[in-house]
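Taking it in order: structure first as structure tokens, then the write-up.
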There are 2 protein chains.
Amino acid sequence: MPELPEICNLARQMDSALKGKRVADVSVRQEKCLNVPLRKFTALVAGKTIGSVTARGKWVFMELRPGVHFLLSLGMGGDALYHKPGAAPPGKYQVKLGFDDGSALSIAFWWFGYAHAVKTAEIKSHKMTASLGLSPLDNSEYTYQAFSVLLGGKKGAIKPVLMNQAHIAGIGNVYIQDILFRAKLHPTRKISEISEAERKLLFRVIKESLKRAAELGGLAYEKDLYGRPGRFKDFLVGYREGQPCPECGATIEKIKTGSTATFICPSCQIQAVRPERRPGSAPPCSRDPRASCAPPPRRTA
Amino acid sequence: MPELPEICNLARQMDSALKGKRVADVSVRQEKCLNVPLRKFTALVAGKTIGSVTARGKWVFMELRPGVHFLLSLGMGGDALYHKPGAAPPGKYQVKLGFDDGSALSIAFWWFGYAHAVKTAEIKSHKMTASLGLSPLDNSEYTYQAFSVLLGGKKGAIKPVLMNQAHIAGIGNVYIQDILFRAKLHPTRKISEISEAERKLLFRVIKESLKRAAELGGLAYEKDLYGRPGRFKDFLVGYREGQPCPECGATIEKIKTGSTATFICPSCQIQAVRPERRPGSAPPCSRDPRASCAPPPRRTA
DNA sequence: AGTTGCAACAGGGA
DNA sequence: CTCCCTGTTGCAAC
């Protein structure tokens with residue numbers, strides 16, 4: 001459950017389920033995912049009481065009163081699972097917190113993840129979270145103006161900038177796919193060549209795509225705190241290599257952009273600014289991209 | 001007179017002509033070429049007596065006793081001219097030092113140059129000179145082993161590394177042309193793909209090319225301390241775009257490599273390691289590249 | 001024809 | 001599907 005929608009959902013569930021519990025037991029099976037030696041980690045976490053749990057970007061912030069924050073990143077994938085009192089003990093995990101009521105939280109990631117403990121007073125010095133940029137679901141900080149400032153003066157391609165957590169926090173290589181498609185932007189489009197209208201559309205598409213996915217409980221192939229999958233699965237172009245574009249029917253391609261893969265519709269997502277449409281000529285894509293948070297039209301019948 | 005041969009020649013002439021003179025007068029027409037405010041520059045320089053003058057890379061180091069060094073870089077081109085007592089005053093210059101015997105040194109560069117004054121005790125903190133690398137005409141520091149260490153582990157192209165003053169001090173975009181040609185290396189050849197034999201040849205070619213040019217008093221289109229031109233003008237491929245390669249007759253090309261221009265023989269200078277020559281096949285270039293410090297064969301008669 | 005500093009980019013590794 | 005670090009490369013500036 002790596003990106004912002006899943007993390008938002010997870011943090012909300014943790015906030016409801018765990019708040020007020022006291023950490024009675026700390027079990028770490030993989031010390032390298034910690035930011036401090038095991039002894040220090042345990043000393044920081046054990047005995048603390050869980051306060052608010054929030055999300056920012058791909059990170060979960062769990063308050064451990066008094067004076068500590070537990071910071072969790074699931075990296076390229078993993079689960080944070082709640083185990084109620086008396087439930088069967090968790091199987092595979094890297095870190096487990098047992099609570100005073102017999103319940104537990106187990107954390108398992110299958111590649112790289114981070115379970116960090118920092119003193120709240122020193123949280124500013126935790127680089128990976130301190131450098132996080134705008135939260136796209138927070139309307140007070142994610143404004144069109146702030147978004148424009150972010151892109152201002154940049155010379156590179158649009159995709160890496162949107163995925164840079166220091167700019168906008170929470171977009172990974174999954175949700176970026178349909179965001180770029182809905183914004184009708186090729187991943188390597190130069191930022192300096194994005195028109196005002198395109199930038200406005202992109203701004204809205206980011207917010208609405210992530211919001212929609214969060215409302216659906218995140219990706220269908222990720223689990224929530226209770227092991228249940230999300231309901232978001234209908235990608236427009238993401239992971240649909242070889243299938244038809246829902247807008248124009250062209251065959252979706254999987255390309256390499258820098259070191260990451262991108263799925264694009266080669267006809268809808270263009271590298272240059274779309275030329276002015278002359279009166280009478282057909283629009284390149286007929287549907288309103290803003291409407292496409294809904295599942296794509298089925299072409300199977 | 002920008003690169004090492006010209007600077008060596010200039011420093012030697014300055015050492016002979018200026019040593020022992022006392023700076024009586026400082027005139028600065030372009031303050032931005034200084035490293036300190038004009039008042040401070042004057043305070044450091046005026047009244048001092050010239051000691052040894054030496055060269056390192058593209059910089060002239062002039063001792064100003066007691067306790068100061070005058071550091072001069074002519075940037076992309078310029079002159080440092082001696083004016084004997086009673087001679088006509090210099091025309092255009094950015095910086096002029098007048099001496100107690102009525103002679104003067106005028107410095108004029110036509111783009112960017114530096115005339116810096118630093119306390120000798122603080123010379124290590126003068127970044128542009130402190131970071132200079134190996135002197136290719138100093139056999140005790142420019143050894144094949146040191147050269148190999150420089151190239152070790154590098155992944156990029158050979159040309160920018162040779163022109164990096166922190167590695168080898170003194171090669172610019174003029175002398176690099178024939179150095180690469182004599183070493184039979186394409187400017188974008190990957191360092192990791194240079195063979196041992198090629199590296200040995202390159203090591204020698206650098207030293208011998210610069211030494212030969214210095215012995216000729218530098219470039220024919222540059223002036224020495226007395227306004228006289230050097231005698232080096234017979235480039236093998238440098239600035240000979242469209243003319244035949246002196247080795248194989250192929251047409252010399254001017255290409256862009258990164259942000260600089262390079263003149264190459266497309267047939268002699270290859271990007272891949274030269275394949276082993278099978279017995280009986282003709283060598284790609286018949287002349288011994290080590291012999292080519294002499295002028296190229298004339299093709300005009 | 002020079003150098004610096006920064007942004008962008010690519011590769012290796014945890 | 002992650003991130004950081006490093007070195008490299010390109011560009012704009014003086």
Side-chain angles (χ1 to χ4, degrees), chain A residues 1-4 6-7 30-34 57-59 73-78 109-114 116 127-129 131-132 153-161 163-166 170-177 188 190-192 218-219 221-222 235 238-239 256-263, chain B residues 1-3 6-7 30-33 57-59 73-78 109-114 116 127-129 131-132 153-161 163-166 169-177 188 190-192 219 221-222 238-239 256-262:
Chain A
M1 41 178 60
E3 302 180 28
L4 186 138
E6 292 78 31
I7 298 299
Q30 187 189 55
E31 193 169 345
K32 72 171 181 178
C33 67
L34 307 180
K58 303 174 187 174
W59 286 82
S73 164
L74 292 172
M76 294 179 78
F109 18 75
W110 52 264
W111 196 236
F112 293 103
Y114 307 106
H116 290 180
K127 268 187 83 174
M128 298 178 83
T129 55
S131 61
L132 292 173
K154 292 259 187 327
K155 278 172 299 187
I158 185 64
K159 189 188 177 194
V161 170
M163 291 182 64
N164 184 333
Q165 304 302 302
I171 302 174
N173 205 38
V174 173
Y175 288 108
I176 190 71
Q177 309 294 342
T188 60
K190 294 279 170 293
I191 293 168
S192 58
L219 292 163
Y221 60 79
E222 301 283 6
F235 289 102
Y239 310 95
K256 281 282 267 186
T257 51
S259 55
T260 65
T262 313
F263 298 82
Chain B
M1 45 178 60
E3 303 181 28
E6 292 78 33
I7 298 300
Q30 186 190 54
E31 193 170 343
K32 73 169 182 178
C33 68
K58 303 173 187 175
W59 287 82
S73 164
L74 293 172
M76 293 177 83
F109 20 77
W110 51 264
W111 196 233
F112 293 103
Y114 308 105
H116 290 180
K127 271 185 83 175
M128 297 178 83
T129 56
S131 61
L132 291 173
K154 293 258 186 329
K155 277 174 299 186
I158 185 64
K159 188 188 177 195
V161 170
M163 292 182 64
N164 184 332
Q165 304 302 302
I171 303 174
N173 205 38
V174 173
Y175 288 106
I176 189 73
Q177 309 296 340
T188 60
K190 295 279 170 291
I191 293 167
S192 58
L219 293 162
Y221 58 80
E222 301 282 6
Y239 311 95
K256 281 282 269 188
T257 51
S259 54
T260 65
T262 312

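Just so it is clear: chains get the letters A, B, ... in the order the sequence lines come, proteins before strands, and each one is counted from 1. Basis for what follows: all heavy atoms, side chains included, without hydrogens, waters or symmetry-related copies.
- Heavy atoms of Y175(A) sit nowhere under 4.0 angstrom from any nucleic acid atom.
- In this structure a side-chain-to-backbone donor-acceptor pair under 3.5 Å is present from Q177(A) to A261(A).
- dA14(C) has its base stacked against the ring of F112(A), the centroids being under 5.5 angstrom apart at an interplanar angle below 30°.
- K159(A) pairs with exactly one of N164(A), T188(A), I171(A), T260(A) by the side chain to side chain contact (heavy atoms under 4.5 Å, CB included) rule, that one being T260(A).
- Side-chain N or O atoms of Q165(B) include none that pairs as donor or acceptor with a backbone N or O of G57(B) at under 3.5 Å.
- The Q165(B) side chain lies nearest to dT3(C) when the options are dT3(C), dA1(C), dT9(D).
- Taking only side-chain nitrogens and oxygens, K127(B) comes nearer than 4.0 Å to OP1 or OP2 of dG5(C).
- Rounded to whole angstrom, the span from the CD atom of E3(B) across to the P atom of dA1(C) amounts to 9 Å.
- Here dC9(C) presents its P atom at 13 Å from CE of M163(A), a figure rounded to the nearest Å.
- Look at CZ on F109(B): it is 17 Å from P on dC14(D), rounded to the nearest Å.
- Each of A157(B) and W111(B) was assigned the nucleotide of DNA chain D with the nearest heavy atom; the assignment lying further toward the 5' end belongs to A157(B).
- We find that CG of L74(A) is positioned 11 Å from C1' of dT2(D), with the value rounded to whole Å.
- Here the CD atom belonging to E6(A) is positioned 10.5 Å from the NZ atom belonging to K58(A), to the nearest 0.5 angstrom.
- Where T257(B) and T260(A) each meet DNA chain D at their nearest nucleotide, the meeting point lying more 5' is that of T260(A).
- At dC4(D), none of the side-chain N or O atoms of Y114(A) fall inside 4.0 Å of OP1 or OP2 (strictly under the cut-off).
- Backbone-only engagement by K154(A) is indicated by non-hydrogen atom pairs under 4.0 Å involving sugar-phosphate atoms exclusively.
- Regarding M128(B), its CE atom lies at a distance of 5 Å from the P atom of dT4(C), rounded to whole Å.
- Ring geometry, F235(A) versus Y175(A): the interplanar angle falls from 30° to 60°, so the pair is classed tilted.
- For the pair I158(B) CD1 and dT8(D) P, the computed distance is 12 Å after rounding to whole Å.
- One interatomic measurement links the two molecules: CE of M76(A) to P of dA14(C), which rounds to 16 Å at whole-angstrom precision.
- Per the geometry, CD1 belonging to I191(B) stands 16 Å off C1' belonging to dG11(C), to the nearest Å.
- A close approach under 4.0 Å does not occur between any side-chain nitrogen or oxygen of K155(B) and OP1 or OP2 of dT6(D).
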